[in-house]
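Worth saying up front: this structure is predicted, and the values here are computed from it rather than measured.
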Amino acid sequence: MSDEAPATGVGRDTPLDVPYRERERSVTLERMGAPGEPVFGTELEPETELFTINMGPHHPATHGVLRLLLTLEGEIVRSMTPLIGYVHTGIEKSCEDQAYWKVIPFVERMDYLAYYSNAQVFCMAVERLLEEEVPPRAQYLRVIHLELNRIASHLFWLGTSALDLGAISMLWYALRDREKILDLFEMTGGQRLHPRYVQVGGVIEDIPPGFESKCRQFLADMPSRLDQYEAILDRNEILLRRLRGVGEVPLDTLLGLGVTGPLLRAAGHPWDLRKATPYSSSEHFDFKVPVGTRGDHYDRYRVRMAEMRESVRIVEQALDGLPEGRYITDNRKVALPPRHELATSMEALIHHFKLVTEGFRVPPGEVYAAIESPRGELGCFVLADGSAKPARVHMRDPSFVNLQSLKHMAEGTLIADLIASVAMLDPILGGIDR
């Protein structure tokens with residue numbers, strides 16, 4: 001290779017800390033400067049070359065439309081910058097042009113693997129502004145669906161991550177059991193994905209006949225399924241070598257970045273909003289918060305596997321203690337009246353018509369609500385101006401915040417380790433680019 005710098009690249013005298021928008025123009029080999037010149041905290045030989053390339057945005061291992069700008073020294077990642085915004089849908093801004101009860105289908109589509117969590121946190125925020133009390137049965141029904149959704153999300157993570165690491169069979173096994181959860185969602189909400197089941201004041205419908213028995217059968221089978229998964233993966237020498245001791249990030253660094261969820265708990269911090277700030281009757285359930293010790297990829301894998309076992313326990317307790325009573329508030333100015341009343345009650349018909357056409361008004365104020373989604377703290381800020389539409393909706397999506405930790409996991413590791421880091425990060429680009 002000639003010593004002359006490429007015409008369109010970054011020259012030898014160009015500092016390496018220039019903004020990535022300028023550096024990304026250099027998708028070419030670059031010869032280093034004088035001997036002993038420090039580069040990325042190390043001393044490289046004068047013949048060492050760096051290679052700046054793009055990984056993604058259309059790459060099967062990025063788990064979404066994520067673009068990573070990589071600077072490589074051979075197969076070692078020396079610098080990594082995530083570039084986002086490729087699936088930006090403007091969901092938060094769209095919410096400001098919808099009645100409150102019509103916002104739910106929008107927010108469900110951000111983290112498209114944790115749609116119950118998205119709807120739950122938004123409804124919690126609106127309920128606090130309205131000072132609306134959710135019936136106990138509705139709270140338990142929410143917990144059942146939230147924890148089933150957590151298992152479904154983790155199963156999808158497990159299958160796709162194992163696929164990234166070479167354990168191809170796990171994808172089919174994980175999706176097989178995830179389908180059973182989606183069957184349960186179809187029974188209660190009519191849809192397998194984005195069912196709009198969680199409503200302001202409760203849930204859209206009570207569980208139908210046959211749901212409990214089918215759910216209990218799934219819960220009885222799931223622990224043995226997890227045993228089978230672990231029997232496959234815990235003896236896979238290739239997978240273990242790609243997880244153990246790889247991607248370690250100090251706990252203080254994670255806390256400084258605001259990282260939450262399994263990534264934080266894998267580093268030894270038992271922070272879980274279901275315990276720290278209970279919501280929807282989560283204080284009524286007995287469960288453990290799994291934590292790791294080293295904070296490497298193997299700990300992240302073990303924490304998520306243990307979380308699925310704890311979610312099974314929570315759903316079992318919720319079914320055992322499911323209270324009697326209403327599944328949604330009886331405030332007809334907030335919740336749609338039962339369908340059977342529309343043919344006999346003029347008042348119910350009027351409330352139904354006004355809610356569908358105008359929505360309900362929310363007193364002026366602002367509130368922040370947060371829950372523990374499968375990826376960490378999912379928060380929702382709502383600013384109300386007294387109208388039937390929110391003046392501002394802003395979501396604190398854990399995938400967006402946790403993405404900051406990828407740089408600390410990846411730099412100094414191999415390209416193959418970067419694939420494992422993205423898999424163990426479990427990012428959802430719909431939440432990042434909302």
Side-chain angles (χ1 to χ4, degrees), residues 17 19-21 23-24 40-41 52-73 75-88 111 113 153-154 156-158 160-165 242-267 269 292 294-301 303-304 373-378 396-434:
D17 58 352
Y20 71 83
R21 289 296 182 190
R23 283 188 51 214
E24 66 178 306
F40 299 110
T52 304
I53 64 171
N54 287 298
M55 176 182 166
H58 299 289
H59 192 289
T62 55
H63 291 229
V65 192
L66 172 64
R67 176 184 169 200
L68 301 175
L69 184 66
L70 306 178
T71 300
L72 306 176
E73 178 198 347
E75 290 192 30
I76 300 175
V77 178
R78 291 303 184 190
S79 177
M80 191 281 298
T81 302
L83 306 177
I84 62 176
Y86 290 90
V87 294
H88 182 52
D111 185 342
L113 291 182
S153 177
H154 281 355
F156 199 83
W157 156 81
L158 178 65
T160 54
S161 297
L163 179 66
D164 289 343
L165 301 176
R242 297 189 67 180
L243 296 182
R244 285 180 172 162
V246 179
E248 292 186 46
V249 182
L251 176 59
D252 290 344
T253 301
L254 295 175
L255 290 172
L257 295 173
V259 172
T260 55
L263 299 180
L264 182 63
R265 292 191 284 274
H269 196 298
R294 295 185 59 178
D296 60 359
H297 289 336
Y298 184 73
D299 276 352
R300 295 174 186 121
Y301 153 69
V303 163
R304 289 190 175 101
S373 86
R375 271 154 284 281
E377 179 180 338
L378 173 62
R396 188 241 187 237
D397 192 278
S399 290
F400 178 79
V401 180
N402 294 350
L403 183 61
Q404 301 173 96
S405 64
L406 183 60
K407 181 182 182 71
H408 299 271
M409 296 180 195
E411 291 186 354
T413 66
L414 298 173
I415 298 176
D417 296 329
L418 172 62
I419 302 301
S421 295
V422 176
M424 293 300 117
L425 182 68
D426 189 23
I428 299 297
L429 270 295
I432 293 174
D433 289 344
R434 66 199 179 281

[X] versus [Y], closest heavy-atom pair with distance:
X	Y	value
S153	P374	OG-CB, 3.6 Å
D433	G85	OD1-N, 2.9 Å
L403	P82	CD2-CB, 4.0 Å
P60	D164	O-OD1, 4.2 Å

Nearest-0.5 Å distance that lies between atom [atom1] in [X] and atom [atom2] in [Y]:
X	Y	atom1	atom2	value
L66	I84	CG	CD1	8.5 Å
L243	S161	CG	OG	9.0 Å
D426	L113	CG	CG	7.5 Å
T413	M80	OG1	CE	9.0 Å
T52	L70	OG1	CG	9.0 Å
T160	H63	OG1	NE2	4.5 Å

Is it the case that R67 places NZ or CZ above or below the six-membered ring of Y86, under 6.0 angstrom from the centre and within 45 degrees of the axis?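 No, R67 does not lie over the aromatic ring of Y86.
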Please lay out, stage by stage, how L406 and L68 fare under the test side chain to side chain contact (heavy atoms under 4.5 Å, CB included). CA-CA 10 Å; L406 183 60; L68 301 175; 4.0 Å; yes
Any chance you could lay out the side chain to side chain contact (heavy atoms under 4.5 Å, CB included) test for L255 and H269, step after step, and finish with the verdict? CA-CA 9 Å; L255 290 172; H269 196 298; 4.0 Å; yes
With R294 via side chain to side chain donor-acceptor pair (under 3.5 Å) - residues at least two apart: E248
Those residues that, when tested against Y298, pass side chain to side chain donor-acceptor pair (under 3.5 Å) (two or more places apart): none
Under 3.5 Å, is there a donor-acceptor pair between the side chain of [X] and the main chain of [Y]?
X	Y	value
D296	G247	no
D299	G292	no
S399	I428	yes
T260	E377	yes
T62	V65	no

L263/S405 under side chain to side chain contact (heavy atoms under 4.5 Å, CB included): CA gap, chis, key distance, verdict: CA-CA 9 Å; L263 299 180; S405 64; 4.0 Å; yes
Restricting to side chain to side chain contact (heavy atoms under 4.5 Å, CB included), what partner residues turn up for V249, sequence neighbours left out? T253, L254, R300, H408, M409
V401: partners by side chain to side chain contact (heavy atoms under 4.5 Å, CB included), with sequence neighbours left out: R396, Q404
In residues 418-425, what donor-acceptor pairs under 3.5 Å come from side-chain atoms, sequence neighbours left out?
residue: S421; atom: OG; partner: H297; partner atom: NE2; Å: 3.0
residue: S421; atom: OG; partner: D417; partner atom: O; Å: 3.0

Contacts of D111 meeting salt bridge (charged side-chain N to carboxylate O under 4.0 Å, His left out) (sequence neighbours excluded), chain-then-number -> R375
Assess whether side chain to side chain contact (heavy atoms under 4.5 Å, CB included) is satisfied between D397 and R434, documenting all intermediate values. CA-CA 9 Å; D397 192 278; R434 66 199 179 281; 3.9 Å; yes
